[in-house]
Amino acid sequence: MTAQIQYADVEVGTELPAASFPVTRATLVRYAGASGDFNPIHWNEKFAKEVGLPDVIAHGMFTMAEAIRVVTDWTGDPGAVVEYGVRFTKPVVVPNDDQGALIEVTAKVAVKLDDKRVRVDLTAMSAGQKVLGMSRAVVQLG
C-alpha cells in the first residue's frame with residue numbers, strides 16, 4: 001500500500017481531520033488482553049488510588065496508538081508512518097461509568113521533508129489536559 005495523500009498537495013500548516021476516541025473500562029480490559037499488559041492501574045480502581053492515581057488510567061501505549069489513527073486515517077496506509085514518538089505528559093483517567101473518557105486528537109503538517117516525507121505534529125487531549133507531548137510522526141506520502 002502507499003499513502004493516498006500526495007506530497008505536492010500538502011503544505012506546512014495543512015490540518016488533518018480531527019478525531020475523538022472514546023475509552024471505557026471495557027476498552028482497557030480488551031487492550032490488556034491483546035497487549036498482555038495487566039498492570040492493575042489499568043483496571044483496578046482501588047489499586048490505582050492506593051498508588052496515588054486519581055482513578056484507573058488508560059495504557060500509555062493505547063493512548064499513543066489511538067492518537068496516530070488520525071494520521072493513518074488521513075494517509076489511508078498505516079505503513080506510511082515511518083517514525084512516531086511521544087512523551088507521556090498526563091494520564092487518561094477512565095471513570096467507571098457508561099461514558100468513560102475521551103481522547104481528542106488534532107494534527108497538522110509541521111515540516112515538509114525530503115523524499116516526499118512530512119512531519120506531522122499531533123495534539124492529544126483528555127478532560128481538557130494535554131496527555132501526549134512532543135507527539136510527532138514522519139509520514140511517507142505519494
Side-chain angles (χ1 to χ4, degrees), residues 1-45 47-49 51-142:
M1 294 180 78
T2 58
Q4 297 172 2
I5 304 296
Q6 299 301 308
Y7 182 80
D9 297 335
V10 175
E11 299 298 329
V12 170
T14 297
E15 294 185 11
L16 283 61
S20 296
F21 305 100
V23 186
T24 64
R25 296 279 178 95
T27 307
L28 299 181
V29 170
R30 286 191 299 273
Y31 181 81
S35 69
D37 182 352
F38 294 100
N39 187 323
I41 64 172
H42 304 303
W43 57 269
N44 184 317
E45 185 173 332
F47 183 85
K49 289 181 176 181
V51 299
L53 294 168
D55 207 331
V56 165
I57 63 170
H59 303 73
M61 297 304 285
F62 172 82
T63 303
M64 187 178 175
E66 291 292 81
I68 198 64
R69 287 176 56 190
V70 167
V71 177
T72 60
D73 289 350
W74 177 64
T75 64
D77 178 11
V81 177
V82 295
E83 292 178 32
Y84 179 43
V86 306
R87 289 195 179 137
F88 300 107
T89 56
K90 298 277 184 188
V92 175
V93 178
V94 182
N96 190 19
D97 60 20
D98 293 335
Q99 293 184 341
L102 195 62
I103 301 169
E104 300 171 286
V105 184
T106 59
K108 67 180 177 179
V109 174
V111 180
K112 288 187 85 170
L113 305 166
D114 294 333
D115 299 325
K116 296 185 179 181
R117 292 181 177 193
V118 296
R119 190 188 86 209
V120 176
D121 291 354
L122 298 95
T123 301
M125 306 283 291
S126 184
Q129 294 189 320
K130 193 173 182 178
V131 296
L132 299 176
M134 300 294 290
S135 183
R136 297 177 173 172
V138 174
V139 183
Q140 181 71 57
L141 299 180

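One is the number of the first residue; the rest follow in order along the sequence.
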Handout entry: Heavy-atom pair of closest approach, residues Phe38 and Gly33
Key = CZ-CA, 3.6 Å
Exercise for the section: Could you check whether the rings of His42 and His59 sit parallel, tilted or perpendicular, using 30° and 60° as the cut-offs? Expected result: parallel
Problem - Separation of Ile41 CD1 from Leu53 CG (nearest 0.5 Å) - result: 5.5 Å
Exercise for the section: Answer yes or no: is there a side-chain heavy-atom contact under 4.5 Å between Leu113 and Asp115? Expected result: no
Problem - Closest non-hydrogen atom pair, Val93 against Pro54 - result: CG2-CG, 3.6 Å
Fill in the blank from the handout: CD of Gln6 to CG of Leu141, rounded to nearest 0.5 Å, is 8.0 Å
Practice task
Report yes if the side chains of Phe21 and Val70 come closer than 4.5 Å at any heavy-atom pair, otherwise no.
Solution key: yes
Problem - Polar side-chain atom of Tyr31 near backbone of Ala58 as donor-acceptor pair, under 3.5 Å - result: no
Problem - Distance-minimising heavy-atom pair for Phe88 and Met61 - result: CZ-SD, 4.1 Å
Exercise for the section: Might you point out which heavy atoms bring Ala107 and Leu122 nearest each other, and give the distance in Å? Expected result: CB-CG, 4.0 Å
Problem - Min side-chain heavy-atom separation Glu66-Leu132 under 4.5 Å - result: no
Completion exercise
To the nearest 0.5 Å, atom NZ of Lys90 lies from atom NZ of Lys130 at 12.0 Å
Completion exercise
On a heavy-atom basis, the closest approach of Val92 and Ser126 is CG1-OG, 3.6 Å
Problem - Qualifying residues under side-chain contact (heavy atoms from CB on, under 4.5 Å), relative to Val12, sequence neighbours excluded - result: Lys112
Handout entry: side-chain contact (heavy atoms from CB on, under 4.5 Å) partners of Ala127, counting only residues at least two apart
Key = none
Completion exercise
Separation between CE (Met125) and CD1 (Ile103), nearest 0.5 Å, reads 12.5 Å
Handout entry: Smallest separation among heavy atoms of Ala101 and Pro95, with atom names
Key = N-CD, 4.2 Å
Completion exercise
In this structure, OG1 of Thr72 is separated from CG of Leu16 (nearest 0.5 Å) by 10.0 Å
Problem - Heavy-atom check, side chain of Val10 versus side chain of Trp74, under 4.5 Å - result: yes
Problem - Atom pair CZ (Phe62) and CG (Asp37), whose distance is rounded to the nearest 0.5 Å - result: 12.5 Å
Exercise for the section: Evaluate the side-chain proximity of Val23 to Leu28: yes if any heavy-atom separation is below 4.5 Å, no if none is. Expected result: yes
